[in-house]
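Worksheet: the structure to be examined is printed underneath.
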Amino acid sequence: MSERHYLKPVRIFASALALALMLALSAYAWDGIVKRLIICLGLSLGCSLLLLLPKLSNKLTIPLFVLYLAYVPLKSFQRMELPFHDMTRIMDGVTLLSVTMIICVYFVFFLVTQRSNWGLGGGSLFLLILFLVEYYVVKFRGDVLRPSDLGAVKTAVSVLGSYDFSLSPEAVYTVLYFLFFSCLGFQIKIRMNRWVHIGVSAASLCMIGGWYYTVMVSPYPVEKEISGHYWNMTENQLLNGTCMSFFVMLRESRLDVPGDYSEEAVRAAASEAVILYDKSQGSDVRPDIIMIMNEAWSDLSVLGQLETTEDYMPFVNSLSENTVKGNLYVSILGGLTANTEFEALTGNSLALLSPTVIPYQNQVNHDMPSLARVLEASGYETMSMHPSGSAAWNRGKVYPFLGFDEFIHEANWQTSYEYLRGFLSDSCNFHEIIYRYENRNEDAPFFLFDVTIQNHSGYYGEVPLNIRVKSVGGIPAEEIGYIKDLETYLNLMKITDTSFGELVTYFAQVEEPVIVCMFGDHQPILENTFYEAIFSDSNLTEREENLKKYITPYVIWANYEVDWAEYGDISANYLPAVLAECSGIELPPFYKFLSKLRETYPVLTTRGCVDDNGNLVDILDIWETELVQQYRMLEYNQLYVKDYLNGIFVKEETAE
């Protein structure tokens, strides 16, 4: 049987299958607009017919190639943007740069395969995959794909089962277009001799190189055509588009060495902080310390009026004796847990780094200071714990760099597993904490840092909805729309509160002194209707509303009599110094510097900063102030100098 006759039934089957798939997608994508239905049917039939076409001659493929490049890249750019926004705010020049980038994608595939049809068809398939990845990142986390996300694939895969992967009709419409563009591209196979191949390859390299220089090297596009907006990450997508936002962040993730940086300047900043620190130091008590970063633990009432049938944090709200509580400002929303973890363990601020980086993926690649090392220098044994795989957020490598003696994860869990929505529950997590505490080395004080996972998004599944929402922002719940995710989340908060109460009750009965600290890493991402309702009568600016989404609680409790200061609202970078101060250990100079910095700028985040007068400012507004300059140098020494000044960050007596 000839190849021609053998391929014919295969092509017919592929054509029929493609038609069935495209029609099914068309039915889902149709939103009642007749024009869109006609386009969907046309794309479906077009894909089906393209798969039946025989090989085309150059007389047809060359004009098709020209038409493809003239129309498809622009349409692809539009289809990648429209599921997210209406494109009315796209900045001048972004369209040209994005369309050129799409053409460069075709040329990259051509250079790899040396085939025009694989350049166009394969490039369009790649863009479809890129669109889907971007779509789900925005859906699940609320902001665009970042360069640092490429190193977090293992972490993302580990929690895929908790998400809803449905597409909006607008997104399905985009998928239909890209499937058609892919089928059409694979039909455009131009026959070229050796010299034409060389010429086209050379032109492709020139165009790719020119685009890279324009976007990643030349100052003009970033300063005039595109720019980063990080206090509200959705602004990047609205102004720069989906694709260009990624490259803006990639470009701006490069490190700038602080001006006037030197080890002498770092020592001078530390010495000044030691002189100005006026609190009594040192204590005979060496409490065991349990520090818990609770996944998505937050009190949504910080956003506005939220009325429920019962309190979802009754235990935490009841704590007052031997307790300090407040709001913790973070730099993330809905995801990127490791970023708050980085701040809370190291005392470094993400506000001084590019908003595009994840330090656990980028900076923490060598031994560096942390709360674990500070406590270890005071005689503590240290342990880290997370009820998931060791590869999540690279923790298996990061924790040893931060000085933890041991890392407990799901694979070496000792207590019985108990799952809620597919995640190990907080109750299970806290039972493991108790087990590790009871089996610790009692000859040394014990520090355990724990990260929970129970409250990871998305917020649906088998959670009893005992607490119901009555109103949001004064609007009755029944008028808001879909709120099951909100009610699921609030009931998870109640489950966490109950479990935390049981943990505190256990340690209240322990004779040895113990400090328990719990804080949230970020708020959840919920439906837009919830935010519209809760901010409906806020009278806040957009930026003030946005900053409220980056507030979680923190609570520090002791099972013995204490006389702690009231720390109030702080950002996560101050938490290790605050906790160390509460424990009564001798603080290293860096923590004394943080104490001084906190008095002037109690909140330092990538989303906004608050000064001692309560004014909301941007980090760039205070970038050149003496304190922030000193902080930048101290942070640089920890993150980028392998032989960091140990005496400043870990143990004061070696500072000189």
>> Given 3.5 Å as the limit, does a donor-acceptor pair link the side chain of S536 with the main chain of A533, or not?
In response: yes
> Between Y554 and F519, does the ring centroid distance fall short of 6.0 Å?
Replying inline: no
> In Å, rounded to the nearest 0.5 Å, how long is the span from NZ of K397 to CG of L402?
Replying inline: 14.5 Å
> So how far is it from R543 CZ to L547 CG, rounded to the nearest 0.5 Å?
Replying inline: 8.0 Å
>> side chain to side chain contact (heavy atoms under 4.5 Å, CB included), that's the test. Do L627 and I622 meet it? Break it down for me.
In response: CA-CA 9 Å; L627 276 176; I622 57 176; over 6 Å; no
>> Looking at Y531, I'd like to know if the NZ or CZ of K549 sits under 6.0 Å from its six-membered ring centre while staying within 45 degrees of the ring's axis.
In response: yes
> For the side chain of S499 and the backbone of I495, is there at least one donor-acceptor N/O pair under 3.5 Å apart?
Replying inline: yes
>> Show the nearest heavy-atom pair for residues L639 and H366, with the distance to one decimal.
In response: O-CE1, 2.8 Å
>> Just verifying a value: how many Å separate Y567 OH and L575 CG, rounded to the nearest 0.5 Å?
In response: 10.5 Å
>> To check you understand the geometry: which heavy-atom pair defines the closest contact between P400 and D367, and what is its length?
In response: O-OD1, 4.0 Å
> Is a side-chain donor or acceptor of E527 paired with a backbone partner of Y482 at a separation under 3.5 angstrom?
Replying inline: no
>> Angle between ring planes, Y636 versus Y261, binned at 30° and 60°: parallel, tilted or perpendicular?
In response: perpendicular
>> Testing the 3.5 Å rule here: is there a donor-acceptor pair between the side chains of D611 and T600?
In response: no
> Counting only N and O atoms by type, is there a donor-acceptor contact under 3.5 Å from the side chain of S298 to the main-chain atoms of Q523?
Replying inline: no
> Is the number of heavy atoms from other residues, nucleotides or ligands within 6.0 Å of CG (N615) greater than 12?
Replying inline: yes
> Is there a side-chain contact between L486 and Y459, using heavy atoms and a 4.5 Å cut-off?
Replying inline: no
> Nearest 0.5 Å, what's the CD1-CD distance between I480 and E532?
Replying inline: 10.5 Å
> Hey, does F401 have a side-chain heavy atom less than 4.5 Å from the side chain of Y399?
Replying inline: no
>> If you apply the rule side chain to side chain contact (heavy atoms under 4.5 Å, CB included), what do you find for F500 with V316, and how did you get there?
In response: CA-CA 8 Å; F500 184 63; V316 169; 3.9 Å; yes
> Shortest non-hydrogen contact from P576 to A344?
Replying inline: CD-O, 3.3 Å
>> Ring-plane angle category for F84 and Y135, please: parallel below 30°, perpendicular beyond 60°, tilted otherwise.
In response: tilted
>> Using 30° and 60° as the class boundaries, would you call the ring planes of Y360 and F342 parallel, tilted or perpendicular?
In response: perpendicular
> Mind checking whether Y277 and Y591 have side chains closer than 4.5 Å, heavy atoms only?
Replying inline: no
>> Under a 4.0 Å threshold between the charged nitrogen and the carboxylate oxygen, would D311 count as salt-bridged to K494?
In response: no
>> For L645 versus E263, what's the shortest heavy-atom pair and its separation?
In response: CD2-OE1, 3.8 Å
>> Quick one: does any side-chain atom of Q454 pair with a main-chain N or O of D426 as donor and acceptor, under 3.5 Å?
In response: yes
>> Parallel, tilted or perpendicular, judged at 30° and 60°: which one describes the rings of H456 and F423?
In response: tilted
> So D450 and T452, side chain to side chain contact (heavy atoms under 4.5 Å, CB included) or not? Walk me through it.
Replying inline: CA-CA 7 Å; D450 171 56; T452 73; 3.7 Å; yes
>> Less than 3.5 Å apart, any donor N or O on the side chain of E134 or T242 sitting next to an acceptor on the other?
In response: no
>> If you compare all heavy atoms of G520 against all heavy atoms of L328, which two are closest, and at what distance to 0.1 Å?
In response: O-CD2, 4.0 Å
> Do other residues, nucleotides or ligands put more than 12 heavy atoms under 6.0 Å from D612 CG?
Replying inline: yes
> Are any of the side-chain heavy atoms of M293 and T340 separated by less than 4.5 Å?
Replying inline: yes
>> Can you give me the closest heavy-atom contact between L616 and G608, atom names plus distance?
In response: CD1-CA, 4.1 Å
> Taking C-beta and beyond as the side chain, do Y550 and T606 meet within less than 4.5 Å on heavy atoms?
Replying inline: no
> Excluding sequence neighbours, so at least two apart, what forms ring-ring contact (aromatic ring centres under 6.0 Å, His included) with F590?
Replying inline: F649
> Do side-chain atoms of Y329 reach the backbone of V610 as a donor and acceptor pair under 3.5 angstrom?
Replying inline: no
>> Applying the side-chain contact (heavy atoms from CB on, under 4.5 Å) criterion to I570, which one of V578, L594, V603 satisfies it?
In response: V578
> Under 6.0 Å from the CG atom of D86, do we count more than 12 heavy atoms belonging to anything else shown?
Replying inline: yes
> Quick one: do the E545 and S538 side chains pair a donor with an acceptor below 3.5 Å?
Replying inline: yes
>> Tell me whether N637 contacts the main-chain N or O of Y644 through its side chain, where contact means a donor paired with an acceptor under 3.5 Å.
In response: no
>> Donor-acceptor check, side chain of W564 to backbone of C582, threshold 3.5 angstrom: yes or no?
In response: yes
> Does the side chain of M385 reach to within under 4.5 Å of the side chain of F449, using non-hydrogen atoms?
Replying inline: no
>> So E295 and D521, do their side chains get closer than 4.5 Å, heavy atoms only?
In response: yes
> Is the closest side-chain heavy-atom distance between M368 and N348 below 4.5 Å?
Replying inline: yes
>> If we count only N and O atoms by modelled type, under 3.5 Å, do the side chains of Y631 and N573 hold a donor and an acceptor together?
In response: yes
> Who are the side-chain hydrogen bond (donor to acceptor under 3.5 Å, both in side chains) partners of T552, not counting sequence neighbours?
Replying inline: none
> If only atom types and distance count, is the side chain of R607 paired as donor or acceptor with the main-chain N or O of S331 below 3.5 Å?
Replying inline: yes
>> Tell me if a side-chain donor or acceptor on N455 pairs with a main-chain N or O of W297 at a distance below 3.5 Å.
In response: no
>> Nearest 0.5 angstrom please: I290 CD1 to I515 CD1, how far?
In response: 10.5 Å
>> Quick one, M244 with V215, criterion side chain to side chain contact (heavy atoms under 4.5 Å, CB included). Give me CA distance, side-chain angles, the key distance, then yes/no.
In response: CA-CA 9 Å; M244 293 310 303; V215 173; 3.7 Å; yes
> Taking atom CZ of R267 and atom CE of M633, what is their separation to the nearest 0.5 Å?
Replying inline: 13.0 Å
>> Here's a test for you: under side-chain contact (heavy atoms from CB on, under 4.5 Å), which of I289, I585, L375 qualifies with L579?
In response: I289
